[in-house]
Amino acid sequence: MPVFDDDDRPKKKIAHEIGQDLTLLSVGELNERIALLREEIARLEADIVKKQSSRSAADQFFKK
């Protein structure tokens, strides 16, 4: 029977659900989730900027 090293096992992806109970999470886990959410906010904001610039370019093109 093979022995599995913890490093060989797939790592559980950190996920956060809005409104989730936080009582069982450590300070480190909370900080990881904050970092994860900040990255997601930055990604969303970058997509907003991209879409706004595309919309602006389209508006300028079709303006009479």
Side-chain angles (χ1 to χ4, degrees):
M1 198 161 144
V3 176
F4 291 103
D5 199 6
D6 284 341
D7 293 337
D8 294 340
R9 294 183 188 168
K11 303 235 186 275
K12 185 177 179 183
K13 185 177 179 182
I14 299 171
H16 184 77
E17 185 178 324
I18 303 299
Q20 177 180 0
D21 182 18
L22 305 175
T23 56
L24 297 177
L25 298 175
S26 69
V27 172
E29 290 170 320
L30 291 170
N31 282 326
E32 287 175 3
R33 288 173 188 236
I34 289 170
L36 177 73
L37 292 169
R38 285 185 177 149
E39 289 172 9
E40 183 64 6
I41 289 168
R43 188 178 76 90
L44 293 168
E45 289 174 336
D47 201 56
I48 287 171
V49 169
K50 183 175 123 183
K51 289 179 181 195
Q52 285 175 335
S53 66
S54 293
R55 174 69 186 249
S56 178
D59 287 344
Q60 290 296 321
F61 182 78
F62 291 108
K63 220 176 204 184
K64 291 182 180 182

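Hydrogens, waters and symmetry mates play no part in the numbers below; they use all other heavy atoms, side chains included.
In this view, K51 and D47 satisfy the side-chain hydrogen bond (donor to acceptor under 3.5 Å, both in side chains) rule, not counting sequence neighbours. Evaluation of the side-chain contact (heavy atoms from CB on, under 4.5 Å) rule for D21 yields T23 as partners, not counting sequence neighbours. Applying the salt bridge (Lys or Arg N to Asp or Glu O under 4.0 Å) criterion to R55, with sequence neighbours excluded, gives D59.
Other residues sharing the hydrophobic cluster of V49, ordered by chain and number and joined by side-chain separations under 4.5 Å: none, the residue standing alone. Members clustered with L22: L25, L30, by chain and number, using a 4.5 Å side-chain heavy-atom cutoff among hydrophobic residues.
Listed by first then second residue, pairs satisfying salt bridge (charged side-chain N to carboxylate O under 4.0 Å, His left out) with a partner in residues 23-36 number zero, not counting sequence neighbours. The list of salt bridge (charged side-chain N to carboxylate O under 4.0 Å, His left out) pairs with a residue in residues 34-44, not counting sequence neighbours, reads E40-R43.
Summarising the geometry, atom CG belonging to L36 is positioned 10.0 Å from atom CD1 belonging to I41; distances are rounded to the nearest 0.5 Å.
Checked by atom type and distance alone, the side chain of S54 pairs as donor or acceptor with a backbone atom of K50 at under 3.5 Å.
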